[in-house]
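Here is the structure we will look at.
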Amino acid sequence: MKVDVLLGLQWGDEGKGKIVDVLTPKYDIIARFQGGPNAGHTLEFEGIKHVLNTIPSGIFHPEVINLVGNGVVIDPLIFKGELDKLAPYNIDFKKRLYISKKAHLILPTHRLLDAASEAAKGKNKIGSTLKGIGPTYMDKTGRNGLRVGDIFSENFKEKYQALVEKHIGILAHYEGFEYDLNSLEVPWLESLETLKTLEAVDSEHFLNKALLEGKKILAEGAQGTMLDIDFGTYPFVTSSNTVTAGTCTGLGIAPTRIGNVVGIFKAYCTRVGSGPFPTELDNELGELIRKEGSEFGATTGRPRRCGWLDLVQMRYAIMINGVTELSMMKSDVLSIFNKIKVCTHYLVNGEKVSDFPFDVNDIEIIPFYEEIAGWNCDLTKLRDYKDAPQELKNYVSYLEKQLRVPINVISVGPDRTQTLSKLS
Ligand code: GDP
Ligand code: IMO
Ligand code: MG
């Protein structure tokens, strides 16, 4: 058995949560491999919208196990909030939600460090979600971090206190940064008791045994390829490997065990937070997409920056991830346009550029666009790809030719049912 991977190809918020939920009936285990509560994954069905931050998006399917892998960073307080929100659904978390003992903990002081660091950067800020992601991964690679397995040890409080003292020392360097640790710390420490009620496992053993038993596993990515710490638009990125390789390190899955890689992208493109975005429409067209697509962050509520689909960026993401099939999201949002633009390459200093450039933060990039006829009609009631307007089919074929990967799923609305399969 192999592990399939589902991940975002752009700057996050592509619709990963929705497609994981749609695909979950085909799997036994859904496993998150990186990121933390900076993620906001939205699922919609039976008229209710759910946003998950740390909990994998297979949680609403009763037969399936959801696992939070070692590559994830967990804020126990946010995690408790997520569990509380799911209380009406009578989910047996003890049996259905496992957590890796090796997943790192986000402390209240990590959040303070995130806030202090962002404030000190001024106009160069990353636009972090302020959930403490960067400082927690820094402590992980700096070999100072605390892990889920540590909360069961007798001297956890001492370890915690030692790390907090270290953080307080660092915070003192941020002049004028004020905080009230006590008010953050008390509920955080209480929330550890909730975390202790869940099954903490050696998830690498758990998953590899499951593979030997013939169980089907889907790895759920967070963020997107262009936010990857190595391959994204550094330094305007998150602090984890969001790409397929992150599945191996974030779950303990060998590279030879990776199966299908499903790449999710919007029929256009968005980004939230700072950093380069070559095809951004910083004008009324972008505003129109934001309004039509309700492009506001699921975690922070911030308006997302909007622009046309960028094939230079997409080819790069497909290459890094070894994508075997694509899902195109939010096709319905483009129904407002008679003509749709797609960036096929960049012009830099008058030269044609087809590879995503290293110095994207510093150079002037002029996107070169091709124009494609739009469908200009409501797609949201479509349930069968065969009934799709010819212009949408042409758009899909055009992209498949450009990207050399099949687009097997076309999403036409936020609900589970608004999902067209090209294969059936
Ligand atoms: P994720 O982080 O990749 O899981 O994506 P988010 O949940 O942050 O953002 C995607 C947003 O688009 C959510 O509000 C979804 O409900 C919504 N969505 C997903 N697919 C579609 C679609 O095909 N059409 C429309 N209109 N909305 C969609
Ligand atoms: P999902 O999983 C979109 C962005 C932030 C910021 C940068 C660094 O919902 O797609 P961080 O808090 O990680 O230090 O922020 O990354 N970012 C996301 N943007 N979707 C996400 O997750 C994101 N997680 C982080 O806006 O620019
Ligand atoms: Mg999101």
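Each ligand, and each atom within it, is numbered from 1 in the order the structure gives.
What sits closest to atom 12 (O) of ligand 1 on the protein, heavy atoms only, is K330 NZ, 3.0 Å. Distance from atom 10 (C) of ligand 1 to its nearest protein heavy atom, with residue and atom name: D13 O, 3.7 Å.
In this structure, G40 is part of the shell of residues with a heavy atom less than 4.0 angstrom from ligand 1. Within the structure, the closest approach of A39 to ligand 1 does not fall below 4.0 Å when heavy atoms are considered. Using 4.0 Å as the threshold, R304 has a heavy atom nearer than that to some atom of ligand 1.
Note on D13: its N/O/S atom closest to the Mg ion (ligand 3) is OD1.
Note: Y369 and W308 have perpendicular aromatic rings, judged against thresholds of 30 and 60 degrees for the angle between ring planes.
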Acceptor/donor pairs from residues 318-333 side chains to any protein atom, 3.5 angstrom cut, sequence neighbours excluded:
{"residue": "N321", "atom": "OD1", "partner": "T244", "partner atom": "N", "Å": "2.9"}
{"residue": "N321", "atom": "OD1", "partner": "T244", "partner atom": "OG1", "Å": "3.4"}
{"residue": "N321", "atom": "ND2", "partner": "T225", "partner atom": "OG1", "Å": "2.9"}
{"residue": "N321", "atom": "ND2", "partner": "A317", "partner atom": "O", "Å": "2.8"}
{"residue": "T324", "atom": "OG1", "partner": "V261", "partner atom": "N", "Å": "2.9"}
{"residue": "T324", "atom": "OG1", "partner": "V261", "partner atom": "O", "Å": "3.2"}
{"residue": "E325", "atom": "OE1", "partner": "N408", "partner atom": "ND2", "Å": "3.2"}
{"residue": "K330", "atom": "NZ", "partner": "G293", "partner atom": "O", "Å": "2.9"}
{"residue": "K330", "atom": "NZ", "partner": "E295", "partner atom": "OE2", "Å": "3.0"}
{"residue": "S331", "atom": "OG", "partner": "S411", "partner atom": "O", "Å": "3.0"}

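In this structure R257 satisfies the salt bridge (Lys or Arg N to Asp or Glu O under 4.0 Å) test with no other residue, sequence neighbours excluded.
Against a heavy-atom cut-off of under 4.0 Å, H41 is close to the following atoms of ligand 1: 1 (P), 2 (O), 4 (O), 7 (O). Within the listing of ligand 1, atoms 4 (O) sit less than 4.0 angstrom from a heavy atom of G17.
Test V73, N38, T54 against I106 for side chain to side chain contact (heavy atoms under 4.5 Å, CB included) and you get one pass: V73.
G40 lies close to the Mg ion (ligand 3), since one of its N, O or S atoms is found at a distance under 2.8 Å.
The part of H41 lying near ligand 2 is the side chain, judged by heavy-atom distances below 4.0 Å.
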